[in-house]
Amino acid sequence: MAQTLGSQLATTGTIDLSTYDSRATTGFKDKKAEALDDLVAIGEELSDLQEKLFAGGRTESSHSKILLVLQGMDTSGKGGLVRHVAGLADPQGISITSFKKPTVDELEHDFLWRVEKALPEPGMIGVFDRSHYEDVLIGRVRELADPAEIERRYDAINTFEKAFADTGGILIKCFLHISADDQKERLEARLDDPTKYWKYNPGDIDERMLWDDYQDAYVTVLERCSTKAAPWNIVPSGRKWYRNWAVATLLVEQLRGLDLDWPDANFDVEGEKARLAAM
């Protein structure tokens, strides 16, 4: 399955992304067809667990909430995961945020100001398609902030995420790992298919030219911001079907761990039955 970094960092302290196979299928021994079948079954369980989570938040009987953070290079599949994994759950219990270039108003506040406003409420599953990590990735590579400010942000992120966890939040942070060859293949596919032109952005090539710089920036993020409260998962994403299966599995495992159940009635059930029968 996906590889959680928390325990690894405790012993090694460093990461070499070149040692991670982007096309690995860790934890899955069958083939693509079986993974697609598995995803249907996972979807059924995910839907049931998500409804229980939502019910707990709606009745204020639970403070549990989940935030799925998706980060990765262009074409790594953030949008595909939103469709194929988040799409398995009831939309009313899902909040999806895609962080774009900060607005003038947002730039007048600390970088986490807009992120805090998008955090999921109790009972919700929040999905960040890109996230607060953009501010230490693009911010560093494109030199949008000075080095001292970038350094401050790593610690600020860790504090921010721990505060979310302390209020009943579960963070599932997924780095969607692809190779430069994977990306080139996907960009070529977009240029060869008129139905995918809308996905292509000439700026992707500009960012690709900075591949090594982005890999270094991601390594720093993975090393500095993988904590007990919010560990990173490196998800091999060279195979789209495996990526979807792995993230869906991570999400279901976290929901299972909450030991969710239906909230007790906060009213007299028998009394309400009697009232209804008398009408």
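Numbers here are sequence positions counted from 1. In this text the structure is predicted, and so the values were computed from the model without any measurement.
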Chemist: Hydrophobic clusters join Ile, Leu, Val, Met, Phe, Trp and Tyr when side-chain heavy atoms are under 4.5 Å apart, directly or via other members; which others share one with M279?
Modeler: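 M279 clusters with L276.
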Chemist: Quick one: does S237's side chain have a donor or acceptor within less than 3.5 Å of a partner on R243's backbone?
Modeler: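 Not a single qualifying donor-acceptor pair exists.
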Chemist: May I ask you to say whether R224 pairs ionically with E151, meaning some side-chain N is under 4.0 Å from a carboxylate O?
Modeler: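 A salt bridge is present here (some side-chain N lies under 4.0 Å from a carboxylate O).
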Chemist: What closest approach, in Å, do L88 and G43 show between heavy atoms, and which atom pair accounts for it?
Modeler: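 L88 and G43 have their closest heavy atoms at CD1-CA, 3.8 Å.
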Chemist: With the threshold set at 4.0 Å, does a side-chain nitrogen-carboxylate oxygen contact exist between R256 and E45?
Modeler: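 Yes, charged N to carboxylate O under 4.0 Å.
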Chemist: Measure from the side-chain N and O atoms of K173 to the backbone N and O of A230, and report whether any donor-acceptor pair falls under 3.5 Å.
Modeler: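 Checked: pair present.
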Chemist: Nearest 0.5 Å please: distance from the CD1 atom of I234 over to the CG atom of L17.
Modeler: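 Reported to 0.5 Å precision, the distance equals 5.5 Å.
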Chemist: Do the charged groups of D204 and R208 touch, with an N to O distance under 4.0 Å?
Modeler: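 No.
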Chemist: Does the Lys NZ or Arg CZ of K117 fall within the cation-pi geometry relative to W113 - under 6.0 Å from the ring centre and within 45° of the axis?
Modeler: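 Geometry flag: set, cation within 6.0 Å and 45°.
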Chemist: For a 4.5 angstrom cut-off between non-hydrogen side-chain atoms, does T14 reach E223?
Modeler: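 Yes, their side chains come closer than 4.5 Å.
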Chemist: Using a strict cut-off of less than 4.0 Å between a Lys/Arg side-chain nitrogen and an Asp/Glu carboxylate oxygen, indicate whether D110 and R152 qualify as a salt bridge.
Modeler: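 Yes.
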Chemist: For residues H132 and F160, establish whether the separation of their ring centroids is below 6.0 Å.
Modeler: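 Yes - the distance between ring centres of H132 and F160 falls below the 6.0 Å cut-off.
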Chemist: Might you point out which heavy atoms bring R239 and R23 nearest each other, and give the distance in Å?
Modeler: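 Scanning both residues, the minimum pair turns out to be NE-O, 2.7 Å.
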Chemist: Restricting to non-hydrogen atoms, name the atom on D30 and the atom on E34 that form the minimum distance, rounded to 0.1 Å.
Modeler: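 The pair with the smallest heavy-atom distance is CB-CB, 3.5 Å.
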Chemist: Enter the distance from L112:CG to R153:CZ here, rounded to the nearest 0.5 Å.
Modeler: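 Output value for this atom pair is 8.5 Å.
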Chemist: Under the 3.5 angstrom rule, does the side chain of T249 hit a backbone N or O of W245 as a donor-acceptor pair?
Modeler: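 Yes; judged by distance alone, with no hydrogens or angles, the pair exists.
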Chemist: Would D182 and R186 pass as an ion pair if we require N to O under 4.0 Å?
Modeler: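 No salt bridge links D182 with R186.
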Chemist: Taking atom CG of L81 and atom CG of L70, what is their separation to the nearest 0.5 Å?
Modeler: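 L81 CG to L70 CG: 5.5 Å, rounded to 0.5 Å.
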Chemist: Considering only Ile, Leu, Val, Met, Phe, Trp and Tyr, and joining two whenever side-chain heavy atoms are under 4.5 Å apart, list the other residues clustered with V269.
Modeler: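 Traced through the cluster, V269 reaches F267.
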Chemist: Nearest 0.5 Å, what's the CD-CZ distance between E270 and R275?
Modeler: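 These two atoms lie 14.0 Å from each other.
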Chemist: Among T97, I96, L171, which residue meets the side chain to side chain contact (heavy atoms under 4.5 Å, CB included) test with F128?
Modeler: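 Running side chain to side chain contact (heavy atoms under 4.5 Å, CB included) over T97, I96, L171 with F128 returns exactly one hit, T97.
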Chemist: Is it true that a side-chain atom of Y20 and a backbone atom of V235 form a donor plus acceptor pair closer than 3.5 Å?
Modeler: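 No; zero donor-acceptor contacts below 3.5 Å.
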Chemist: Heavy-atom distance under 4.5 Å between the side chains of Q71 and R130, does that happen here?
Modeler: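 A side-chain contact under 4.5 Å exists here.
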Chemist: Distance from W211 atom CH2 to D216 atom CG, nearest 0.5 Å?
Modeler: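 Output value for this atom pair is 12.0 Å.
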Chemist: On the six-membered ring of Y197, is R190 placed so that its NZ or CZ lies under 6.0 angstrom from the centre and within 45° of the ring axis?
Modeler: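 Geometry flag: not set, cation outside 6.0 Å or 45°.
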